[in-house]
Amino acid sequence: MTNMIQEAKNQAAALAMAAYCAAAADGALPKAEVKEAPVEIPRDAGNGDFTTTFALAASKTLRKPPREIAQALLDHMNLTGSWFDSAEIAGPGFLNFRLNHRWFEAVCKAVETEGASYGTGEDLKGQKIMVEFVSANPTGPMHMGNARGGVLGDTLASVLEACGAEVSREFYVNDAGHQIDKFARSIYARCMQKTLGEENYPFPEDGYQGDDIRELAEGFLAQAGEFPGGTSEDAWMTAMAEYGLSVNLPKMKADLQRYKINYDTWFYESTLHNSGAVAETAELLTQRGWTYEKEGALWLKTADILRENLRKAGKKEKDIEKLDLKDDVLCRANGFYTYFAADIAYHRNKFETRGFDRVINIWGADHHGHVARLKGALDALGLNGSEKLDIVLMQLVKLLRDGQLVKMSKRTGKAISLADLLDEVPVDAARWFFNAKPDTQMDFDLGLAVREDSENPIYYVEYAHARICSLVEKLAKEGLAVPEKADLTLLTADAELTLIKQLAAFPDAVRTAARAYDPSHVNRYLMELAGCFHRFYTACHIREEAAPLASARLKLAGDTRAVLRNGLKLIGVEAPERM
C-alpha cells in the first residue's frame, strides 16, 4: 500500500545519489564508492520537508568540504518529475528538499483510493506470528495488569496484521500444576467449612482467600448435592478444580469479549502433560546433554546455557562470573514436572509443532528473570529462542481517582477487577488509556477517562471524527456534499498542508508501532492528527468560501475522517458520528 512519506524519502535519497553520479561523471566531484545517506524529516519545518546528510557523510571519502559537495550536488540535480519543488543547502552541508503540490495531491488520492486499507503495508508479509497475552491464572477474576496486557497484546496483533503478517492471538490457560492444586484445596476447604463450620476445618495458609472461592464452594455443593465425603479427598478436589474452571473460564472469556478481545486459540496447559509433550521435551534436553539428576530431581543446566549465550554475545568472562546464574528444576523428586518445564514444552509446541516464525509474549515486569531462562532453554533445543521469541514486559498500573490511589472497588469493596473497571469506565476509554507505552509505569486516572473535554485524549480524538461527520451532514443539507474530485492545488495554507502531511504519516506510524512492538505510536499519531484537524477547522473556513476552495477543503476533511476511522479501528475504538 501507499506510503508517501517513504516514497519521498526514497526519492530524495535517489536524487542525491543521481546528482553525485552526474557530478562525478563531469569531474565536478571525485569518483569514489559513496553510500546513500538516510533522509529524515527536519524538526523545524523552516528547514524544508525532508533533509539528507549525504554531503556530510561523503566528505571524508571525497576529501572535500560538505558544503562544496552539497553545491556540486545542487548544480547537477534534476527535480523534473519528482515530488520536490526545490532543494537547498543548509548549515554545514545538509540538503533540504521542499515538496511540490503533486505530492500533496498524491497523499489525498491514496487515502481516497485505498479507503479502509490506507495505512496498511506488506513489510511482514509471509511471516506467521503468534501474540500470546493476558494468560491469567483461571483461579480468580482478572485484574489491572490483565487489563493493560489485554489491550497491548490485541492492538499489537492488529498493527502486525496491518503490516502484512499472519497473526494468531492466543491465551495460555494454566489449568495444571501447583496453582490449580491450591485452587482446588481452597474450594475444598470452603466446602468443608460450609458443611462443618469454619471453626471445625482449617483453611490452608497459602489458600486463595477471596469471596469468589466461597461462591465457588457454594455453587459446587449446590451442584453436587452431597457432603464431600465417601470418596477420596483427591477425587473431590479434582472435581472441584474442574467445577471452578468451568465457572471461571467462561467469566474470563465474557470479560475479554466485553473488552473487545477475541482469541484465535485458548491453549490448555493440561494438554501438554496429557499428550506427554512435557516429558518428551525434558527427554530431548537430556539427550542434548543439558540436564542432570540431583536428589531425585531432574535439573536443567540453565547456568551453563546462559553462560554460553552471554559468551556468544561478547560478554566478558569476569562480568559473566559476577552474575548469579542458577539451574532450574524440570521434574521434582515426586515425579511432577515444574511450570518451567511446561513452559518450555509450550514454546516448543509454538515453534516446532505449529510452525510460527516469531512468537511475542506480553508479560508483567515481574517476569523479567524468566525471559533469558526460557530463551536459553529454547536455544538448547535448537529452536533459536534468542532470535525468534520476543518478550514485551509491561510495567505496573496505578488507578487514581481525584489524585488518590484506588485499590478497592466502590461497588464490591474488593480489589479492582477488569469487570469492575468496565462498569465504571467506557470500554473505548479503557482500551485507549491502557494502550500506553508498555515499558513505562502508567497512572490510570478514572476521572479523566470519563471527562468530556479536550483534556481527555480519547474524547479529543473521537470528537475530531464526530466534528467532521457533523460538518459533512450540515453542509450536505446546504447542497455542498463531499466531492468525488476537487482542485487540491487550492490548498496552500499552512494548516491545510500540515494536515495533509499528517495524513501521509499514518502508514509510517503503523509500521513503527509494529517494528517497536509499541502500539501506543498509533495513539500518539491520532492525537497529532486530531490536533491538526482542529487547527485546520479553526483557520480554514468552508461555508464562507467560493465553491472550488470550499469543495477542496471539504474533501480534505473527508480524507481526515477516513484516516481517523482507520486509526481508531486499529486500537479497537469506535469512531462516533455524534458526541
Side-chain angles (χ1 to χ4, degrees), residues 1-111 121-123 163 488-489 491-494 496-512 515-516:
M1 295 296 178
T2 305
N3 184 334
M4 291 302 298
I5 295 286
Q6 193 59 48
E7 282 198 26
K9 286 182 176 181
N10 293 344
Q11 192 176 91
L15 285 167
M17 180 60 77
Y20 166 70
C21 292
D26 71 6
L29 290 174
K31 291 183 179 180
E33 288 288 331
V34 294
K35 296 180 179 179
E36 240 181 36
V39 176
E40 303 296 340
I41 298 174
R43 290 185 180 180
D44 183 353
N47 291 325
D49 299 305
F50 293 90
T51 188
T52 178
T53 57
F54 185 98
L56 287 86
S59 178
K60 185 177 180 179
T61 302
L62 300 181
R63 297 182 179 180
K64 284 185 176 291
R67 284 189 67 91
E68 186 177 329
I69 296 171
Q71 186 59 58
L73 295 179
L74 278 184
D75 293 342
H76 293 80
M77 188 171 291
N78 182 6
L79 298 178
T80 304
S82 74
W83 298 123
F84 302 103
D85 254 346
S86 64
E88 60 201 36
I89 303 171
F94 293 103
L95 268 179
N96 295 340
F97 294 83
R98 296 187 185 278
L99 292 162
N100 61 32
H101 220 280
R102 287 181 57 253
W103 185 86
F104 290 95
E105 290 181 79
V107 171
C108 293
K109 182 178 179 181
V111 173
E122 297 186 344
D123 290 28
C163 289
L488 299 182
T489 62
L491 301 178
T492 57
D494 285 345
E496 295 164 339
L497 299 182
T498 299
L499 179 54
I500 296 173
K501 285 182 187 178
Q502 189 63 25
L503 296 179
F506 182 51
D508 250 12
V510 176
R511 184 167 66 172
T512 300
R515 187 169 54 238

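Computed from heavy atoms alone, side chains included, the values below leave out hydrogens, waters and symmetry copies.
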Counting only pairs under 3.5 Å, give me each side-chain donor-acceptor contact of residues 26-42, with atom names and distances, residues two or more places apart or in other chains.
unit_1 : atom_1 : unit_2 : atom_2 : d
Asp26  : OD1    : Ala28  : N      : 3.0
Asp26  : OD1    : His76  : NE2    : 3.3
Asp26  : OD2    : His76  : NE2    : 2.5

Margin query: Tell me every residue that passes ring pair (Phe, Tyr, Trp, His ring centres under 6.0 Å) with Phe54, counting only those two or more places apart in sequence or in another chain.
Written below: none
Margin query: Test your reading of the model: is there a side-chain donor-acceptor pair from Gln6 to the backbone of Asn3, 3.5 Å cut-off?
Written below: no
Notebook entry, point to check: For the residue pair Pro92 and Leu56, what are the closest heavy atoms and their distance?
Noted result: CG-CD2, 4.0 Å
Item checked: Spatial distance of atom CG (Leu79) from atom CE (Met77) [nearest 0.5 Å] -> 6.5 Å
Margin query: Quick check: closest heavy atoms across Ala55 and Ile69, and the distance to 0.1 Å?
Written below: O-CD1, 3.7 Å
Check: Below 6.0 angstrom between ring centroids: does that apply to Phe84 and Phe97?
Finding: yes
Next item on the list: Output the distance between atom CG (Asn96) and atom OG (Ser86), rounded to the nearest 0.5 Å.
Entry: 9.5 Å
Next item on the list: Step through the shown structure and confirm whether more than 12 heavy atoms of other residues, nucleotides or ligands are within 6.0 Å of CG on Asp494.
Entry: no
Item checked: Where at least one partner belongs to residues 54-72, residue pairs that pass salt bridge (charged side-chain N to carboxylate O under 4.0 Å, His left out), sequence neighbours excluded -> Lys64-Glu68
Next item on the list: Answer yes when Asp123 and Arg511 have at least one side-chain N-carboxylate O distance shorter than 4.0 Å, and no when they do not.
Entry: yes
Margin query: Whether Asp49 and Lys501 form a salt bridge (side-chain N of Lys/Arg under 4.0 Å from carboxylate O of Asp/Glu) is what I want to check.
Written below: yes
Next item on the list: Would you check, one step at a time, whether the test side chain to side chain contact (heavy atoms under 4.5 Å, CB included) holds for Phe94 with Asn47?
Entry: CA-CA 10 Å; Phe94 293 103; Asn47 291 325; over 6 Å; no
Next item on the list: Say whether, by atom type as modelled, one donor and one acceptor occur between the side chain of Asn100 and the main chain of Ser82 under 3.5 angstrom.
Entry: yes
Check: To the nearest 0.5 Å, how far apart are CG in Leu99 and CH2 in Trp83?
Finding: 10.0 Å
Notebook entry, point to check: Between the side chain of Thr51 and the main-chain N/O of Leu95, is any donor-acceptor distance below 3.5 Å?
Noted result: yes
Margin query: I need the Met4 CE to Lys9 NZ distance, nearest 0.5 Å.
Written below: 13.5 Å
Notebook entry, point to check: Do Ile500 and Cys108 have side-chain heavy atoms sitting under 4.5 Å apart?
Noted result: yes
Check: Is there a side-chain contact between Phe104 and Leu497, using heavy atoms and a 4.5 Å cut-off?
Finding: yes
Notebook entry, point to check: What are the two closest heavy atoms between Gly93 and Ile89, and how far apart are they?
Noted result: CA-CG2, 4.4 Å
Note to self: Counting C-beta onward and ignoring hydrogens, is there a side-chain heavy-atom pair between Leu15 and Tyr20 closer than 4.5 Å?
What the structure shows: no
